[in-house]
There are 2 protein chains.
Amino acid sequence: MTVSKMSDIDQPKRVPPMEAAPEYAALQMGELSELLGYSLKRAQLKVFEDFLRCMAPLQLTPAQFSVLLLLDHNPGRNQTEIANTLGILRPNFVAMLDALESRDLLTRMRSPNDRRSHVLTLTDKGGATLTRAKKLVATKHEARLIELLGPANHVALLGMLAIIAQDF
Amino acid sequence: MTVSKMSDIDQPKRVPPMEAAPEYAALQMGELSELLGYSLKRAQLKVFEDFLRCMAPLQLTPAQFSVLLLLDHNPGRNQTEIANTLGILRPNFVAMLDALESRDLLTRMRSPNDRRSHVLTLTDKGGATLTRAKKLVATKHEARLIELLGPANHVALLGMLAIIAQDF
DNA sequence: CCAATTTGATATGCTTTATAACGATTATAG
DNA sequence: CTATAATCGTTATAAAGCATATCAAATTGG
């Protein structure tokens, strides 16, 4: 049987599914709303979904964007350093870099100091893409969040999440 | 739940650099710390990790716990209703219910009204397990979070995440 | 020099998430 | 009523995400 792969031309790969309003009576959520993990996961999915939507013209996932951003601020680092900082395991980072390198957004160069390691560098196209991406994130993605929460809450939320991410 | 007190949130003390301990020099996180999606994902992973640790004696994942909790508050519902409410796709819900049913935590009964559907019900063991689970979550998991953030911040965080999960 | 370690890479497996399709059953149109 | 469509649980399947073991090449340390 052939794989029915509807490969259209330049359509965004993943369009998040629209949620349809369920026609049955709303269920009692119980203590679920008080469960931080549940709300965290739901919120994270929504935020990533919106990120992908905003970033559709550049076809960058949140993880890919974070790599470009980190490379821009940390030139001359190798794969292990970048991957560890982002919480990505080295084996899984390889394919990710393959994709970005094949799109000419970054380069792998053997380090002259340590020829085991690859120095990662943003290409010109990578830098330009990152600039466009940051603009999209700021004006479309984060702006919408700030509008929803208010600037003070937005800052407070970032602070609390950072605390959880590092101290919990 | 009310979010009316979101304006008087205690500001988190500070936002130190994320992660530590690798032997190479700390990398510059750049605008990454300001990216809500990034912090959300990191925080969510940590919270789920702690949830699993606290729930180890009962061997319940966050998703399984949410199913038991929802069943307890919504008796007589079928698989589609429970799955939809939790954002689980029906095909993926089958194996999940198989596992819980094989552990005698819930039962599937053909509905007399509509013999296509299965009415889901907590067993006695399921109810007892849920009671123990809720106690573990409250005393070990959420308590630690509240201690870390402070009660006011904890409430505010829940409120903001709920807003994002619903309205974003 | 030799043993141990590190780096990028490959292979592999597990879990999660998503879609298509099927039999049984129910609902609906004509 | 009958014929068609829709729904429910289920199976099969595939793509991602996440994790471990292992390898060759290169480096480090004794």
Side-chain angles (χ1 to χ4, degrees), chain A residues 1-7 12-20 22-24 37 41-42 44-46 48-49 52 59-64 66-67 76-102 106-120, chain B residues 22-24 37 41-42 44-46 48-49 52 59-64 66-67 76-102 106-120:
Chain A
M1 161 171 300
T2 58
V3 179
S4 59
K5 188 146 191 167
M6 307 174 38
S7 51
K13 291 172 187 173
R14 270 197 317 244
V15 178
M18 283 289 187
E19 6 183 344
E23 64 282 355
Y24 47 81
K41 175 99 177 219
R42 281 298 180 97
Q44 186 255 312
L45 289 175
K46 281 265 196 171
F48 268 43
E49 200 177 291
L52 287 172
Q59 282 291 289
L60 285 182
T61 67
Q64 290 172 328
S66 70
V67 170
R77 298 290 190 154
N78 64 29
Q79 299 185 192
T80 296
E81 292 171 318
I82 298 294
N84 281 345
T85 302
L86 291 175
I88 303 172
L89 294 171
R90 272 70 83 219
N92 300 331
F93 199 41
V94 174
M96 202 175 154
L97 288 180
D98 288 347
L100 293 173
E101 193 179 24
S102 75
L106 56 83
T107 58
R108 281 190 259 220
M109 300 180 306
R110 299 219 86 94
S111 166
N113 311 330
D114 185 341
R115 295 191 354 210
R116 290 171 300 182
S117 62
H118 290 168
V119 169
L120 301 178
Chain B
E23 65 282 353
Y24 48 81
K41 175 97 178 226
R42 282 296 181 96
Q44 185 257 312
L45 290 175
K46 282 265 194 170
F48 269 44
E49 202 176 290
L52 287 173
Q59 283 290 293
L60 285 181
T61 67
Q64 289 173 329
S66 70
V67 170
R77 298 291 190 152
N78 65 29
Q79 301 185 189
T80 296
E81 292 170 318
I82 298 293
N84 281 346
T85 302
L86 292 175
I88 302 172
L89 293 171
R90 270 72 81 217
N92 300 330
F93 199 40
V94 173
M96 200 175 158
L97 288 181
D98 289 346
L100 293 173
E101 194 179 25
S102 74
L106 57 83
T107 59
R108 283 188 257 219
M109 300 179 307
R110 301 218 84 95
S111 166
N113 311 330
D114 184 341
R115 296 195 351 208
R116 291 171 299 182
S117 62
H118 291 169
V119 169
L120 300 178

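By convention in this document, chain letters (A, B, ...) are assigned in the order of the sequence lines, proteins followed by strands, and residues within each chain are numbered from 1.
Side-chain nitrogen and oxygen atoms of A:R108 include at least one within less than 4.0 Å of the OP1 or OP2 phosphate oxygen of C:dA9. Between A:K41 and the phosphate of C:dT17, there is a side-chain N or O to OP1/OP2 separation shorter than 4.0 Å.
Nearest heavy-atom pair across B:P62 and B:L52 is CD-CD2, 3.8 Å. B:T85 and B:E81 make their closest contact through OG1-O, 2.7 Å (heavy atoms, listed as atom of the first residue, atom of the second, distance).
A straight line from CG of B:L45 to C1' of D:dA19 spans 13 Å, rounded to a whole angstrom. We find that CG of B:L89 is positioned 19 Å from P of D:dT13, with the value rounded to whole Å. At whole-Å resolution of the value, CZ in A:R110 and C1' in C:dA9 are 10 Å apart. Rounding to whole angstrom units, CD1 of residue A:I82 and C1' of C:dG8 are separated by 15 Å. Regarding B:N92, its CG atom lies at a distance of 14 Å from the P atom of D:dG9, rounded to whole Å. Atom P of nucleotide D:dT11 and atom CD of B:Q79 are separated by 10 Å, given to the nearest angstrom. We find that CG of A:N78 is positioned 13 Å from P of D:dT27, with the value rounded to whole Å. Atom CG in B:N113 sits about 17 Å away from atom C1' in D:dG9, given to the nearest Å.
At a threshold of 4.5 Å between non-hydrogen side-chain atoms, the residues B:T61 and B:S66 do not count as touching.
Taking only side-chain atoms of B:H118, from C-beta outward, the nucleotide of D:dG9, C:dT10, D:dA26 with the closest atom is D:dG9. With C:dG8, D:dG9, D:dT20 as the candidates, the nucleotide lying closest to the side chain of B:T80 is D:dG9. Candidate nucleotides D:dC18, C:dT10, C:dT19 were compared by shortest atom distance to the side chain of A:V94, and C:dT10 ranks first.
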Handout entry: side chain to side chain contact (heavy atoms under 4.5 Å, CB included) between A:L120 and A:Q79, worked out
Key = CA-CA 7 Å; A:L120 301 178; A:Q79 299 185 192; 4.0 Å; yes

Pairs under 3.5 angstrom, nitrogen or oxygen only, protein versus nucleotides 2-6 of chain C, please.
unit_1, atom_1, unit_2, atom_2, d
C:dT6, O4', A:R116, NH1, 3.3
C:dT6, O2, A:R116, NH1, 2.6

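Among the protein residues, A:R90 comes within range of no part of the nucleic acid, since none of its heavy atoms lies under 4.0 Å from any strand.
Applying the side-chain contact (heavy atoms from CB on, under 4.5 Å) test to A:S117 and every residue at least two apart in sequence or in another chain returns A:N78, A:S111, A:D114.
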Solution key, residues 90-100 of chain B side-chain donor-acceptor pairs under 3.5 Å, sequence neighbours excluded:
unit_1, atom_1, unit_2, atom_2, d
B:R90, NH1, B:N84, OD1, 2.6
B:D98, OD1, B:R108, NH2, 2.1

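At least one donor-acceptor pair under 3.5 Å links the side chain of B:R42 to the backbone N or O of A:L86.
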